[in-house]
4 protein chains.
Amino acid sequence: MDGRTRRRNDTRQRLYEAAVELIAEQGFSATTVDDIALRAKVAKGTVYYNFASKTALFEELLTHGIGLLTDEFRAAVEGLPPREAVAALVRTQLEYIRRYQAFAQLLLSEMWRTNREWQQTLVLLREQAISVIAETLKAGVKAGDLPADLDVRVASSALFGVGLVVAVDWLVFQPDRSIEEVEQSLLNVVRRAV
Amino acid sequence: MDGRTRRRNDTRQRLYEAAVELIAEQGFSATTVDDIALRAKVAKGTVYYNFASKTALFEELLTHGIGLLTDEFRAAVEGLPPREAVAALVRTQLEYIRRYQAFAQLLLSEMWRTNREWQQTLVLLREQAISVIAETLKAGVKAGDLPADLDVRVASSALFGVGLVVAVDWLVFQPDRSIEEVEQSLLNVVRRAV
Amino acid sequence: MDGRTRRRNDTRQRLYEAAVELIAEQGFSATTVDDIALRAKVAKGTVYYNFASKTALFEELLTHGIGLLTDEFRAAVEGLPPREAVAALVRTQLEYIRRYQAFAQLLLSEMWRTNREWQQTLVLLREQAISVIAETLKAGVKAGDLPADLDVRVASSALFGVGLVVAVDWLVFQPDRSIEEVEQSLLNVVRRAV
Amino acid sequence: MDGRTRRRNDTRQRLYEAAVELIAEQGFSATTVDDIALRAKVAKGTVYYNFASKTALFEELLTHGIGLLTDEFRAAVEGLPPREAVAALVRTQLEYIRRYQAFAQLLLSEMWRTNREWQQTLVLLREQAISVIAETLKAGVKAGDLPADLDVRVASSALFGVGLVVAVDWLVFQPDRSIEEVEQSLLNVVRRAV
DNA sequence: AATGAATGAGAGTTCATTCAT
DNA sequence: CATGAATGAACTCTCATTCAT
């Protein structure tokens, strides 16, 4: 990687971060390209030098963020027996949300919208992340470690949503409490529930 | 109420409904006043004759919607013993979300944002609704029906969020499943959890 | 005049007064029909019941106001010898401006504009008022009481303008000084000048 | 100054000129931003790229214009004995008004309004310009060249107003007469008056 | 690789005017 | 004679996007 490419990657990274934070706070529409450029400390034109459009920047950002989560999900369950794998998923999600709080907020706000340009992209990405959960649950049912009548589709979707909403709620409204407490409570509930 | 007042209230009601639906689908910023007027079948100026601004319309709408939920929560727990009261809250929330799906979607999208004009209003309203849950849980702990070590603040907040996200997820992504299933699963989980 | 007509005249008078004050303060365009109705304590529709349009209200108001001034000019010079007549005109103008301060401000603001709807009306009215001054000066020149080389057209126009600007300046920026002082200064200057 | 800065200053200058002319003709409220952009031959957005708001453009314009007049006043009286200095002020003002006719018209229309956003700015600027006149008169009184009982505050204010109204009246209603005549008449009157 | 002045379509808002009551 | 809810054209202002430098 030569100097130019490195510089460019730097700029792109700064733009990603600026965009995630701002969109988490205000939403996509309310965040202007001027805002993003200002926070990333580049000129407005630079945004368009690096991304085709505001929407493209957002979509790349979604893909990047959820791809990361999916990868971490995959790594977490690798080789674990079903019940431990479920616990690992919960821990991984919480950990991820703590690290990328703004991105999590953004997901929570956009995931259950309809009629947005990037809806299709988002649905696909969601599917991707949830499928790791679903596979884990399916394996558990097959192995007899989880109840045979567990509705895998509903359960994996709910697991994902619950983790997201509980963690973000904690970060936004009760930031004084330790994440371990939240993790413990969630794990307890999940263990009893499945 | 004279003819004029009735006409005006009609108009306001139509505007509420149009705005809720559109904002649920697209978010506040992406929804234009033209859109709202068009769907409510009034002229754009009429929106401004009835509300001071787009933001004011949204705030009145939030106040109205959450006020309704809070009232239903209050009515639901009236005179019930703790564990039944908790179940009643869950049922009420799901019922409410089913009836006012668009409003629920809107809440899910806006509730965990920060830095928006109406944030303060929203935090207050949230407090209002959640306080009914908190009181119910507190009474249950006091009566010995719920675990003595239950963290009421975390639990009520989580209960509210989980209901919201699971129900909306169901409405958006799995509308083919019956609400009773969802209710049953949620009740099971909640019962075990508390 | 029956009860109805009296009531109507009342309303019209109130609207006149409200409009004059507001237009003096803010100008014609910046004054809204809502403002006028509010200050006159009538409903907005009432303005349109009494006047064809905002512009018509303003034109009637100009005609009425300058007509009054012209009449007072005429009455003031009646039968006086030239030099006394000039003094009388100055005194009359000041007196008038003191009584109808808002209207005078309004005149000062609109009289030297160009390209406005009512420009033609205003020019005509101005001519009307100034012609009384011009006739007085002409008679003075003829009688040998005023310099033979006095440019009547320039002088009458200047006399009118100077009186207006000095008086309004006094009312707006030096309201603590007595009108007699202003009158005395003006009379001195005018006497020496002609 | 680089190319970009030069381009931008060009644009700002063109906008100043377009705005002055239009506001002089029609007044501030009746002049639209579209009008201004059209006459300056730039896009509407460019107005807002260069000025925060229509009001801000107007205020900058006022500051710029009266600053210029004040500077010329200062340069004109520099080193002159009192009576000559007064004559120089009159000549300077007339010359200025002839050069910037539209701005003078605008001043005449706005200076004696009340209750406008920029009123405070205008009062301050007026003070600035008039203070040069006042200082000149004060020096004359001190030197014994002007009557000891001259009310400096009233006189300087009147001098400013009279010059403005007479010159603008001449430009608007008697553009056929030469400026020298007007200057001569004004100088005569002023000389006798003080 | 980056910049920032300029653009114009489209957003929120205002307001003179109409009309059913 | 008077009202005030409703209207829509026209306004001020915003912002994603372009492009010459």
Side-chain angles (χ1 to χ4, degrees), chain A residues 3-12 29-37 42-57, chain B residues 2-12 29-37 42-55 57, chain C residues 3-8 10-12 29-37 42-57, chain D residues 2-12 29-37 42-57:
Chain A
R4 277 196 179 165
T5 310
R6 193 171 314 109
R7 184 176 173 195
R8 184 162 183 193
N9 280 345
D10 250 41
T11 304
R12 285 177 67 89
S29 302
T31 298
T32 69
V33 175
D34 268 302
D35 287 345
I36 297 172
V42 298
K44 199 206 274 217
T46 304
V47 178
Y48 285 88
Y49 185 77
N50 285 280
F51 297 93
S53 68
K54 187 187 163 190
T55 302
L57 162 56
Chain B
D2 67 357
R4 276 185 179 160
T5 309
R6 196 172 308 112
R7 184 178 175 199
R8 192 167 185 188
N9 281 346
D10 240 50
T11 304
R12 287 176 66 92
S29 302
T31 299
T32 70
V33 176
D34 269 304
D35 289 345
I36 297 173
V42 298
K44 201 205 294 214
T46 304
V47 178
Y48 287 90
Y49 185 74
N50 284 282
F51 298 91
S53 67
K54 186 186 163 191
T55 302
L57 162 56
Chain C
R4 277 196 176 165
T5 309
R6 194 172 312 110
R7 184 175 173 197
R8 183 161 184 194
D10 249 41
T11 303
R12 286 176 66 91
S29 302
T31 299
T32 70
V33 175
D34 268 303
D35 287 345
I36 297 173
V42 298
K44 201 208 273 221
T46 304
V47 178
Y48 285 88
Y49 185 77
N50 284 281
F51 297 92
S53 69
K54 187 186 164 192
T55 302
L57 162 55
Chain D
D2 68 356
R4 277 188 178 157
T5 310
R6 197 171 308 112
R7 184 178 176 201
R8 192 168 185 190
N9 281 344
D10 241 49
T11 304
R12 287 177 65 92
S29 302
T31 299
T32 71
V33 175
D34 269 304
D35 289 344
I36 297 173
V42 299
K44 201 204 300 212
T46 304
V47 178
Y48 287 91
Y49 185 74
N50 284 280
F51 298 92
S53 67
K54 186 186 161 189
T55 301
L57 163 55

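Naming: A, B, ... by sequence-line order, numbering from 1 per chain.
- The CG atom of D:Asn50 sits 15 Å away from the P atom of F:dC13 (whole-angstrom rounding).
- Atom P of nucleotide E:dG4 and atom CG of A:Asp34 are separated by 12 Å, given to the nearest angstrom.
- Taking the nucleotide of DNA chain F with the nearest heavy atom to each of A:Lys54 and D:Thr31, the more 5' of the two is matched to D:Thr31.
- Here the C1' atom of nucleotide F:dC15 and the CD1 atom of A:Ile36 are 12 Å apart, to the nearest Å.
- The two residues A:Ala37 and A:Val47 make their nearest non-hydrogen contact at CB-CG2, 4.0 Å.
- Nearer to the 5' terminus of DNA chain E, by closest-nucleotide assignment, is the contact made by C:Ala30 (compared with the other of C:Ala30 and C:Ala52).
- Of all non-hydrogen atoms in C:Tyr48 and C:Lys54, the two that sit nearest each other are OH-N, 4.4 Å.
- Taking only side-chain atoms of D:Val33, from C-beta outward, the nucleotide of F:dT12, F:dT17, F:dT3 with the closest atom is F:dT12.
- Atom P of nucleotide E:dA20 and atom CZ of B:Arg7 are separated by 9 Å, given to the nearest angstrom.
- Atom P of nucleotide F:dC19 and atom CZ of D:Arg8 are separated by 21 Å, given to the nearest angstrom.
- Taking atom CZ of D:Arg12 as the reference point, atom C1' of E:dA6 lies 15 Å away to the nearest angstrom.
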Take D:Val33 and D:Leu57, measure what side-chain contact (heavy atoms from CB on, under 4.5 Å) needs, and give me the verdict at the end.
CA-CA 10 Å; D:Val33 175; D:Leu57 163 55; over 6 Å; no
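- With rounding to the nearest 0.5 angstrom, the NZ atom of D:Lys44 is 11.5 Å from the CD1 atom of D:Ile36.
- For A:Ser53 and F:dA16, the shortest distance from a side-chain N or O to OP1 or OP2 is not below 4.0 Å.
- Residue A:Thr11 has no polar side-chain atom (N or O) positioned under 4.0 Å from OP1 or OP2 of E:dA1.
- Separation of atoms CZ (B:Arg8) and OG1 (B:Thr46) is listed at 10.5 Å; rounding is to 0.5 Å.
- B:Val47 comes within 4.0 angstrom of nothing in the nucleic acid, heavy atoms only.
- Counting heavy atoms from C-beta on, the side chains of C:Asn50 and C:Val42 never come closer than 4.5 Å.
- If you measure from atom OH of D:Tyr48 to atom P of F:dT17, you get 22 Å, rounded to the nearest angstrom.
- Mapping A:Gly45 and D:Lys44 onto DNA chain F by nearest heavy atom places D:Lys44 at the nucleotide closer to the 5' end.
- Per the geometry, OH belonging to D:Tyr49 stands 13 Å off C1' belonging to F:dT18, to the nearest Å.
- Secondary-structure annotation of DNA chain F gives the stems E:2-21 with F:2-21, with a stem taken as at least 3 successive Watson-Crick or G-U pairs whose two distances both fall under 3.5 Å.
- A distance of 6.5 Å separates CZ in D:Arg7 from OG1 in D:Thr11, rounded to the nearest 0.5 Å.
- Residue C:Thr32 is classed as a sugar-phosphate contact, given heavy-atom separations below 4.0 Å to backbone atoms only.
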